[in-house]
Amino acid sequence: MIKPKLTVFHFCCCIFTFMMICMLNVLTSKSVHALEHYQPKLTVNLNNQKLWRRLDWLDSSRLFSMSVNNEGHLWLGLDNEIAFYDGSEVKYYGTEDGIKLNKITAIHALENGNVLAADNKRIYQFKDNKWTLVQTGLNIPYSAQFRTGHDGATWLPAANKLIVFKD
């Protein structure tokens with residue numbers, strides 16, 4: 001049996017390699033320590049039951065979408081009409097107001113006070129205190145929601161296209 005000879009050169013190479021690997025690990029690993037523990041700062045205690053209000057007039061089985069305008073008023077997309085709630089009174093908009101929507105799954109209050117509402121085929125706009133049909137013949141998924149970008153443009157996804165509103 002032949003014993004391999006470990007020369008001083010081989011020994012030094014092994015030690016050098018080991019030291020380089022250790023140095024590499026030390027230089028590339030960074031430990032991060034928080035200066036202080038994160039404590040969320042809520043301005044409102046959401047567990048306070050006095051802050052929550054039950055809307056007895058609202059049948060939740062009819063509610064499909066909701067948006068809050070700049071004044072904190074609610075726009076609600078219901079099964080076949082739209083409800084506006086200012087905190088004390090409810091106003092309903094439906095077929096007599098020119099709205100022919102079914103399951104209003106997307107509703108969005110814009111910064112300028114106008115409102116967009118959509119079902120799976122049509123989009124209406126509330127402007128100057130009246131509803132008008134903006135576009136029809138669409139294929140909008142029930143999960144689609146209006147989104148406003150940094151430039152103020154409002155987007156809605158439809159099948160094979162994106163619809164944009166600039167007002």
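Numbers here are sequence positions counted from 1.
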Would [X] end up clustered with [Y] when hydrophobic side chains under 4.5 Å apart are linked, directly or stepwise?
X	Y	value
Leu78	Val90	yes
Val134	Trp155	no
Val115	Leu133	yes
Leu116	Val164	no
Leu162	Phe146	no

field: Cation-aromatic face contact Lys130/Phe126, 6.0 Å, 45 degrees
entry: no
task: Would you please classify the geometry between the Phe84 ring and the Trp75 ring as parallel, tilted or perpendicular, with 30° and 60° separating the classes?
output: tilted
Whether [X] side chain and [Y] backbone form a donor-acceptor pair below 3.5 Å:
X	Y	result
Thr105	Asp119	no
Arg122	Lys100	yes
Ser67	Ala109	yes

Restricting to non-hydrogen atoms, name the atom on [X] and the atom on [Y] that form the minimum distance, rounded to 0.1 Å.
X	Y	answer
Ala117	Trp131	CB-CZ3, 4.0 Å
Ala118	Ile123	CB-CG1, 3.9 Å
Ala159	Pro141	N-CD, 4.4 Å
Gln125	Leu110	NE2-CD1, 4.5 Å
Ala144	Ile140	CB-CG2, 3.7 Å
Asn112	Asn114	OD1-N, 3.0 Å

Can you tell me how far [atom2] of [Y] sits from [atom1] of [X], rounded to the nearest 0.5 angstrom?
X	Y	atom1	atom2	answer
Ile104	Met66	CD1	CE	14.5 Å
Lys103	Leu63	NZ	CG	13.0 Å
Asn69	His108	CG	NE2	11.0 Å
Asn139	Asn160	CG	CG	8.0 Å
Tyr85	Leu74	OH	CG	8.0 Å

- prompt: Does any non-hydrogen side-chain atom of Tyr124 lie less than 4.5 Å from one of Leu101?
  reply: yes
message: I'd like to know whether Tyr142 forms a side-chain contact (heavy atoms from CB on, under 4.5 Å) with Asn120, so could you lay out the CA-CA distance, the side-chain angles of the two residues, the decisive distance to 0.1 Å, and finally the verdict.
response: CA-CA 6 Å; Tyr142 283 114; Asn120 64 330; 3.6 Å; yes
- request: List the steps, then state whether side-chain contact (heavy atoms from CB on, under 4.5 Å) holds for Asn70 with Glu111.
  value: CA-CA 7 Å; Asn70 291 339; Glu111 293 287 324; 3.6 Å; yes
field: NZ/Lys91: more than 12 non-hydrogen atoms of other groups inside 6.0 Å
entry: yes
